[in-house]
Amino acid sequence: MKKIKLNTIFCLFLVFFVALIPAVAQEVQEESRLEAYNKLRKVIGTIEKYYVDELTLNEIVNKAIDGLLTNLDAHSAYLDEKKFEELKIQTDGEFGGIGITISLKEGSLTIIAPIEGTPGDKAGLKSGDIILKINDESTLNMSIDDAVNRMRGKPKTKVQLTIVRKNSPEPLVFDIVRDNIKVESVYAKRVEDTNYAYIRVTSFDKKVSQRVEDELKKYPKLEGVILDLRNNPGGLLNQAVELSDLFLDKGVIVSQKGRMKDENIVYEAKKSAPFAKIPLVVLVNNGSASASEIVAGAIQDNKRGVIIGETTFGKGSVQVILPTEKKEALRLTIARYYLPSGRTIQAVGVKPDIEVLPGSVPNNEKAFNIKEADLQKHLASELEKVESKKTTKDSKTPANTLSQEQIMNDIQLKSAIDVLKIIKII
């Protein structure tokens with residue numbers, strides 16, 4: 001009986017102890033949190049008392065928040081009243097700028113891509129260019145938001161960028177005149193005398209997928225599609241999903257995963273894809289980012305088409321704007337994108353199935369290396385070329401068709417056309 005009583009007492013003590021563990025753990029956690037808050041309070045107090053320049057408590061706290069967000073990742077940021085208002089202007093209204101998308105890559109302010117037709121594009125800025133200075137100010141330790149705000153301004157005003165470019169012996173200086181940024185996000189052309197459609201998507205703004213679908217429906221006997229996402233910095237997630245859904249009738253398109261269960265979403269293709277059976281080639285380069293990478297990765301992982309070009313930029317994170325005050329907010333990374341195979345885009349990008357570097361198609365017709373006996377035949381053929389060029393100049397290529405010159409000046413595009421022809425033969 002004594003043993004039974006002792007066992008009963010021990011069991012009751014054990015139950016009480018186990019029940020007490022969560023409360024003890026919570027108390028320890030709270031003490032740890034209080035220590036961390038006290039540490040921050042002491043640092044703020046020390047700065048307020050001893051820093052060389054007199055700062056208000058509010059200024060110190062704002063700088064602390066700014067530094068905290070900046071050190072999380074390249075895309076999270078603290079938006080004070082001025083920055084929050086500028087974000088609203090960028091989202092809702094028209095603004096003056098140079099038309100480039102930037103990111104922090106390996107600590108450097110890097111151009112993801114110039115937007116086609118904008119001042120930055122016309123000036124000759126390229127994907128991968130590192131911005132060293134904006135006007136006379138160094139970009140070292142400059143945030144993305146600060147850089148954007150310095151490049152934005154009234155139309156017809158100038159901004160100077162000092163650029164470090166790969167394989168360039170010294171920095172390049174560009175004087176660029178700002179303009180209102182209005183982008184035509186979808187271009188469509190026929191490929192030569194074929195039933196192939198060339199679709200260029202420059203950004204994922206509203207109704208991109210609908211416009212692509214409308215363009216493709218203009219081809220009653222469509223035999224192939226080239227989807228050009230080069231230098232496309234991304235945009236709206238729903239448009240990337242809907243565009244992929246035009247070509248995929250099954251499988252996962254993309255998933256996003258975060259700490260909150262509400263942020264874990266899987267986007268799947270619908271069965272009603274209108275172009276699910278049409279041969280497809282997707283062009284990408286290191287200026288293809290975010291939504292572009294989602295489309296390319298979905299097509300690649302579902303083995304729906306061929307990806308041609310260069311490895312993409314590697315931006316696979318999800319940001320939201322979380323207001324903290326009426327006039328302030330946080331832009332916070334809350335999730336990451338994952339392709340159908342489960343691989344991440346972030347800092348890795350999408351590697352093409354066929355790697356083709358940019359440039360013109362090699363042409364050796366101009367090489368003059370000929371035996372004397374064949375000289376007459378060679379000169380006769382050269383004369384024919386001259387005459388044929390005259391004829392070609394007289395017959396202009398229609399505006400909605402890619403010219404032979406455009407194709408031959410773009411080896412990535414030429415490779416895409418050749419792949420479509422091979423698929424047709426197979």
Side-chain angles (χ1 to χ4, degrees), residues 91-92 101 112-113 115-117 181-191 195-220 222-256 265-285 287-309 312-313 315-316 318-319 335 337-340 345 350 400 416 420:
T91 306
D92 302 329
T101 308
I112 298 176
I115 301 170
E116 193 169 317
I181 306 303
K182 295 179 181 177
V183 181
E184 186 63 40
S185 54
V186 177
Y187 300 87
K189 289 194 175 185
R190 183 182 295 274
V191 178
N195 283 317
Y196 300 154
Y198 167 80
I199 302 289
R200 171 94 172 94
V201 180
T202 61
S203 64
F204 284 86
D205 56 17
K206 294 177 181 179
K207 298 182 180 179
V208 161
S209 60
Q210 184 60 57
R211 290 166 68 186
V212 170
E213 184 176 0
D214 292 342
E215 290 293 340
L216 291 179
K217 283 182 176 177
K218 294 177 182 178
Y219 295 79
L222 187 62
E223 295 180 341
V225 175
I226 297 171
L227 181 61
D228 190 349
L229 300 178
R230 291 175 294 180
N231 292 331
N232 183 323
L236 300 175
L237 171 62
N238 70 318
Q239 289 303 301
V241 171
E242 288 179 19
L243 182 61
S244 304
D245 214 5
L246 294 177
F247 304 100
L248 292 167
D249 58 359
K250 61 180 179 180
V252 173
I253 293 173
V254 69
S255 59
Q256 68 176 53
I265 306 170
V266 178
Y267 298 91
E268 296 188 11
K270 300 170 186 175
K271 293 181 180 179
S272 56
F275 309 106
K277 304 301 179 185
I278 304 297
L280 175 66
V281 175
V282 181
L283 289 173
V284 295
N285 64 4
S288 307
S290 191
S292 301
E293 295 174 288
I294 288 171
V295 175
I299 297 300
Q300 187 178 61
D301 281 5
N302 284 288
K303 303 187 186 301
R304 171 61 187 86
V306 181
I307 314 298
I308 292 178
T312 60
F313 187 82
K315 182 189 179 298
V318 185
Q319 285 79 39
Y337 294 126
Y338 292 87
L339 297 177
I345 303 168
V350 176
N400 64 342
L420 280 181

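Just so it is clear, the structure is predicted and the values come from calculations on it, not from any experiment.
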**Asked** Does Arg304 use its side chain to pair, donor to acceptor, with the backbone of Ala276 at less than 3.5 Å?
**Response** yes
**Prompt:** Within the side chain of Glu242, is there an N or O that forms a donor-acceptor pair under 3.5 Å with the backbone of Gln210?
**Reply:** no
**Message:** I need the Leu243 CG to Asn238 CG distance, nearest 0.5 Å.
**Reply:** 11.0 Å
**Request:** Taking Asp205 for its side chain and Leu236 for its backbone only, find out whether a donor-acceptor pair lies under 3.5 Å.
**Result:** no
**Fill in**
Scanning both residues in full, the closest heavy-atom pair of Tyr219 with Tyr196 reads CE2-O, 4.0 Å
**Asked** Do the side chain of Gln239 and the main chain of Val208 share a donor and acceptor less than 3.5 angstrom apart?
**Response** yes
**Prompt:** Are side-chain heavy atoms of Tyr337 and Lys315 found at a separation under 4.5 Å?
**Reply:** no
**Item:** Minimum-distance pair of heavy atoms, taken over all atoms of Gly287 and Ala113
**Value:** O-CB, 3.6 Å
**Request:** Measure the spacing between CD1 of Ile294 and CZ of Phe204 and express it to the nearest 0.5 Å.
**Result:** 8.5 Å
**Request:** Taking the side chain as every heavy atom from C-beta outward, state whether Val284 and Glu293 have any pair of such atoms under 4.5 Å apart.
**Result:** no
**Message:** Pair Arg211, Glu215 - check salt bridge (Lys or Arg N to Asp or Glu O under 4.0 Å), show working.
**Reply:** CA-CA 6 Å; Arg211 290 166 68 186; Glu215 290 293 340; over 6 Å; no
**Item:** Spatial distance of atom CD1 (Ile299) from atom CG (Leu339) [nearest 0.5 Å]
**Value:** 11.5 Å
**Gap between atom OH of Tyr267 and atom CD of Gln256 - 0.5 Å precision** = 4.5 Å
**Request:** State, with a plain yes or no, whether a side-chain heavy atom of Lys270 is found less than 4.5 Å away from one of Leu248.
**Result:** no
**Student check: side-chain heavy atoms of Phe247 and Leu216 closer than 4.5 Å** = yes
**Asked** Within the distance-only criterion (no hydrogens, no angle test), does the side chain of Asn302 pair as donor or acceptor with the backbone N or O of Ala298 below 3.5 angstrom?
**Response** yes
**Request:** Search all heavy atoms of Pro274 against all heavy atoms of Asp245 and return the closest pair with its distance.
**Result:** CD-O, 4.4 Å
**Pairwise distance OH(Tyr187) to OG1(Thr202) - rounded to 0.5 angstrom** = 6.0 Å
**Prompt:** Going from CG on Leu420 to CD1 on Ile278, what distance comes out if it is rounded to the nearest 0.5 angstrom?
**Reply:** 10.5 Å
**Prompt:** How close do Ser244 and Ala240 get, heavy atom to heavy atom, and via which atoms?
**Reply:** OG-O, 2.8 Å
**Message:** Are the side chains of Val295 and Val282 in contact, using a 4.5 Å heavy-atom criterion?
**Reply:** no
Quiz: residues 222-233 side-chain donor-acceptor pairs under 3.5 angstrom, not counting sequence neighbours:
residue, atom, partner, partner atom, Å
Glu223, OE1, Lys424, NZ, 3.1
Asp228, OD1, Arg230, N, 3.1
Asp228, OD1, Arg230, NE, 3.0
Asp228, OD2, Tyr198, OH, 2.5
Asp228, OD2, Arg230, NE, 3.3
Asp228, OD2, Arg230, NH2, 2.8
Arg230, NH1, Asp410, OD1, 3.0
Arg230, NH1, Asp410, OD2, 3.1
Arg230, NH1, Gln412, OE1, 2.8
Arg230, NH2, Asp410, OD2, 2.8
Asn231, OD1, Asn285, ND2, 3.2
Asn232, OD1, Gly234, N, 2.9
Asn232, OD1, Ser292, OG, 3.1
Asn232, ND2, Val201, O, 2.8

